[in-house]
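Below, chains carry the letters A, B, ... as their sequence lines are ordered, and counting in each starts from 1. These numbers were taken from a predicted model, which means no experiment stands behind them.
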Number of protein chains: 2
Amino acid sequence: MVINQNIKIAVDAIVFGFANNALHVLLIKQKYGLIKNQWALVGGFVKDDETLYQAVNRELEEETGVKVNYLEQLYTFGDDIHRDPRLRVVTIAYFALVNSTKLVLKADTDAEDAKWFQIDQIPKLAFDHISILECAKKRLQSKLTYQPIGFDLLPKEFLFSELENLYCIILEKDIDRRNFRKKIMSYGIVEETEKYGSNKNGRPAKLFKFNKMKYNKLLKDDFQFYINLA
Amino acid sequence: MVINQNIKIAVDAIVFGFANNALHVLLIKQKYGLIKNQWALVGGFVKDDETLYQAVNRELEEETGVKVNYLEQLYTFGDDIHRDPRLRVVTIAYFALVNSTKLVLKADTDAEDAKWFQIDQIPKLAFDHISILECAKKRLQSKLTYQPIGFDLLPKEFLFSELENLYCIILEKDIDRRNFRKKIMSYGIVEETEKYGSNKNGRPAKLFKFNKMKYNKLLKDDFQFYINLA
DNA sequence: TTATATTTGTGTAAATTATACACATATAAG
DNA sequence: CTTATATGTGTATAATTTACACAAATATAA
């Protein structure tokens, strides 16, 4: 069977991380070709013998060395025929979250040109990557409210205030700390530990961890989790 | 730039319709090739000079003549390398809804081999189409609860009981008619007309129409609409 | 014409959930 | 020991959701 089609398939990953009270995105600086020295999303062409999932994981590994905590398909961009001026490329974008402890990039990989950017300090990006990023940001904001994915951005043990901040900052909203805590606690998804965090100022704060079983259950069932900041 | 990649891109549409108190899916019988005489989703390969959106609309037109009311990207299937045994195909699946008045297929197109099947009477399908269909059904059930897409399955004017049934049947749940009506009405999304429907038994029922402005607003904003059947 | 079957249309009380809101506590630094 | 700073907690009110039953309007059959 011969099909006369000359379109190439790529994958791209929008990798989010949360650190220093800010949302960050992982970008790479292109080394070669048309878009040399431009910043772009992590990604590349899919090989004939690998799945899409393998492709995006391979690119993440090769280009950044980052291990993601959460990965899901976001959207397939193929309605702008000239999004890559060189040839027709359809790209399947993936949405990824990284635990903030893994946010430091190892210098020893060939990831020397990978860098985290604060979401409000994104440089000019190659192709249509800025609109893909916009799409991912919306998805993040939306998912945060109805799925407990926020925990994939935090370390295993975290302060309650870190969780609060994460929601405030990503959703760009204020929060009622008491009501937020009540709600989160009602899902049984986080548990107090006996340890205390090391904050400089104020009353010492307990460390919390999240209950993976409850988390998994809530991730599967839709409409079981819902956080609405006033 | 030469990329050594030999993967083909297709689009498939899962077209839902609602009639006779049952959910239906539009399928076509393949005429040629390996899967000759097997039933399959509407779809085909993307042309080099058309967008994905154009491709899926073209296939719908060519293969079935059906005009859909609602169309959105569902998911891209490319993690089974041998989903098509002939060659590597990545398919972008689209989710479509058809107004029940358009559910009768015109015999004059080359759509002679297109047919509506009740969701619980789906024949054996080609490739992995059955799992794509499963995915679409879940999306339909999920979206029905948080977006007012049910109206895209009904005629312009409809009985309230038709809307009730649609929700009951697609979500496979019972309903409290009073509470359901109250909720729908509270969104201001449907309006009474002066006309009455033609039901054989029982008290005559008013026809309703939906308010397109409110509908469009609710479609855009997430978390503004939510129907939860007990 | 009357009784029966069938579907439509409607309200209220109770329970649950969401919201608004303020101060005592524990520490570090001065 | 005073001050600054962040943590941790409860209650009253409002809003929403749930549970629940019967009269009204028609067609059909007796």
Side-chain angles (χ1 to χ4, degrees), chain A residues 20-21 144-146 148 154-155 157-169 171 173-209 218 221-230, chain B residues 20-21 144-146 154-155 157-169 171 173-210 218 221-230:
Chain A
N20 303 119
N21 277 342
L144 202 59
T145 67
Y146 69 87
L154 290 176
E157 297 186 321
F158 54 88
L159 304 175
F160 218 97
S161 54
E162 294 178 304
L163 187 61
E164 285 171 19
N165 276 329
L166 187 147
Y167 270 84
C168 286
I169 288 166
L171 296 183
K173 279 184 184 173
D174 279 342
I175 204 174
D176 180 308
R177 287 171 51 237
R178 275 185 285 192
N179 292 340
F180 177 77
R181 193 177 182 120
K182 223 184 301 178
K183 193 73 177 283
I184 292 283
M185 283 315 204
S186 76
Y187 292 114
I189 202 177
V190 311
E191 290 164 0
E192 247 180 59
T193 69
E194 293 308 306
K195 292 178 236 169
Y196 284 80
S198 55
N199 35 357
K200 290 173 187 155
N201 296 5
R203 176 172 170 173
K206 287 209 184 91
L207 283 169
F208 290 78
K209 61 182 176 185
L218 290 174
D221 305 344
D222 278 344
F223 311 120
Q224 299 297 104
F225 178 87
Y226 181 67
I227 300 290
N228 181 27
L229 304 187
Chain B
N20 303 119
N21 277 342
L144 202 58
T145 66
Y146 69 86
L154 290 176
E157 297 187 320
F158 54 88
L159 304 176
F160 218 97
S161 55
E162 293 178 304
L163 186 62
E164 284 171 20
N165 277 329
L166 187 146
Y167 269 84
C168 285
I169 287 166
L171 297 183
K173 278 183 184 173
D174 280 342
I175 204 174
D176 180 307
R177 287 172 50 237
R178 274 184 288 192
N179 291 340
F180 178 78
R181 194 179 182 118
K182 222 183 304 177
K183 194 73 177 281
I184 292 284
M185 283 315 204
S186 76
Y187 292 115
I189 202 176
V190 311
E191 290 165 1
E192 246 180 59
T193 70
E194 294 307 307
K195 292 177 236 169
Y196 283 82
S198 55
N199 35 358
K200 290 172 189 157
N201 297 2
R203 174 173 172 173
K206 287 208 184 90
L207 282 169
F208 291 78
K209 61 181 177 184
F210 73 97
L218 290 175
D221 304 345
D222 277 344
F223 311 121
Q224 299 296 105
F225 179 86
Y226 182 66
I227 300 290
N228 182 27
L229 305 187

Q: Looking at A:Y226, is its backbone amide N or carbonyl O close enough to the side chain of A:K183 to form a donor-acceptor pair, meaning the two atoms are under 3.5 Å apart?
A: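 Here the side-chain-to-backbone pair exists.
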Q: Does A:R178 or B:R178 map to a spot on DNA chain C nearer the 5' end, using the closest nucleotide for each?
A: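 Result of the comparison: B:R178.
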Q: Heavy-atom nearest nucleotide on DNA chain D for B:K183 versus A:D176: which residue maps closer to 5'?
A: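 In this pair, the answer is A:D176.
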Q: Which whole-number value in Å describes the distance from B:Y226 OH to C:dA18 C1'?
A: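 Going from B:Y226 (OH) to C:dA18 (C1'), I get 15 Å.
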Q: How are the rings of B:F208 and B:F160 set relative to one another: parallel (under 30°), tilted (30 to 60°) or perpendicular (over 60°)?
A: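 The rings of B:F208 and B:F160 stand perpendicular, inter-plane angle above 60°.
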Q: Can you list, by residue number, the residues of residues 194-204 of chain B that have a non-hydrogen atom closer than 4.0 angstrom to DNA chain D?
A: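 By residue number: B:K200, B:G202, B:R203, B:P204.
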Q: Using whole Å, what does the distance between atom P of nucleotide D:dG8 and atom CZ of A:R177 come to?
A: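 Checked: the CZ to P distance equals 8 Å.
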Q: Using whole Å, report how far CZ of B:F158 lies from C1' of C:dT8.
A: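 In whole Å, C:dT8 C1' and B:F158 CZ are 15 Å from each other.
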Q: I need the CG-P distance between A:L163 and D:dG8, as an integer number of Å.
A: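 From A:L163 CG to D:dG8 P: 12 Å.
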Q: Which whole-number value in Å describes the distance from A:M185 CE to C:dA18 P?
A: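 That distance rounds to 17 Å.
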Q: Could you pull out all residues at least two apart from B:Y196 that satisfy ring pair (Phe, Tyr, Trp, His ring centres under 6.0 Å)?
A: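 By the ring pair (Phe, Tyr, Trp, His ring centres under 6.0 Å) rule, B:Y196 matches no residue at all.
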Q: Base, sugar-phosphate or nothing for A:K206? Non-hydrogen atoms, less than 4.0 Å.
A: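 Result for A:K206 = sugar-phosphate.
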Q: Could you tell me the separation between the CZ atom of B:F223 and the OG1 atom of A:T145, rounded to the nearest 0.5 Å?
A: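 That separation rounds to 3.0 Å.
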Q: Within this structure, what is the CG-to-P distance between A:N165 and D:dA6, rounded to whole angstrom?
A: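 That distance rounds to 10 Å.
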Q: Determine whether a donor-acceptor pair (one donor, one acceptor, N or O, separation below 3.5 Å) exists between the side chain of B:N179 and the base of D:dA19.
A: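 By the distance-only test, yes, there is a pair.
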Q: Could you grab the distance from atom CG of B:L171 to atom CG of B:L166, nearest 0.5 Å is fine?
A: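 One gets 8.5 Å once the value is rounded to the nearest 0.5 Å.
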Q: Does A:R181 place a side-chain N or O at less than 4.0 Å from the phosphate oxygens OP1/OP2 of D:dG8?
A: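 Looking at the OP1 and OP2 atoms of D:dG8, one of them is under 4.0 Å from a side-chain N or O of A:R181.
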Q: Please report the distance, rounded to the nearest Å, between CD1 in A:I184 and P in D:dG8.
A: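 So the CD1-P distance, A:I184 to D:dG8, works out to 15 Å.
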Q: Would you mind telling me which of D:dG8, D:dG10, C:dG9 lies closest to the side-chain atoms of B:F208?
A: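 Looking only at side-chain atoms, B:F208 lies closest to C:dG9.
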Q: Main chain of B:K173, side chain of B:Y167: is a donor-acceptor contact present, judged purely on distance under 3.5 Å?
A: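 Checked: no pair found.
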Q: Is the shortest side-chain N/O distance from B:S161 to OP1 or OP2 of C:dT8 below 4.0 Å?
A: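 For C:dT8, OP1/OP2 do have a side-chain N/O of B:S161 under 4.0 Å.
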Q: Does A:D221, at its CG atom, have more than 12 non-hydrogen atoms belonging to other residues, nucleotides or ligands within less than 6.0 Å?
A: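 Yes, because the 6.0 Å sphere around CG of A:D221 holds more than 12 heavy atoms from other groups.
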Q: Figure out the CD1/C1' separation between B:I227 and D:dT17, and round it to whole Å.
A: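 Distance, rounded to whole Å: 12 Å.
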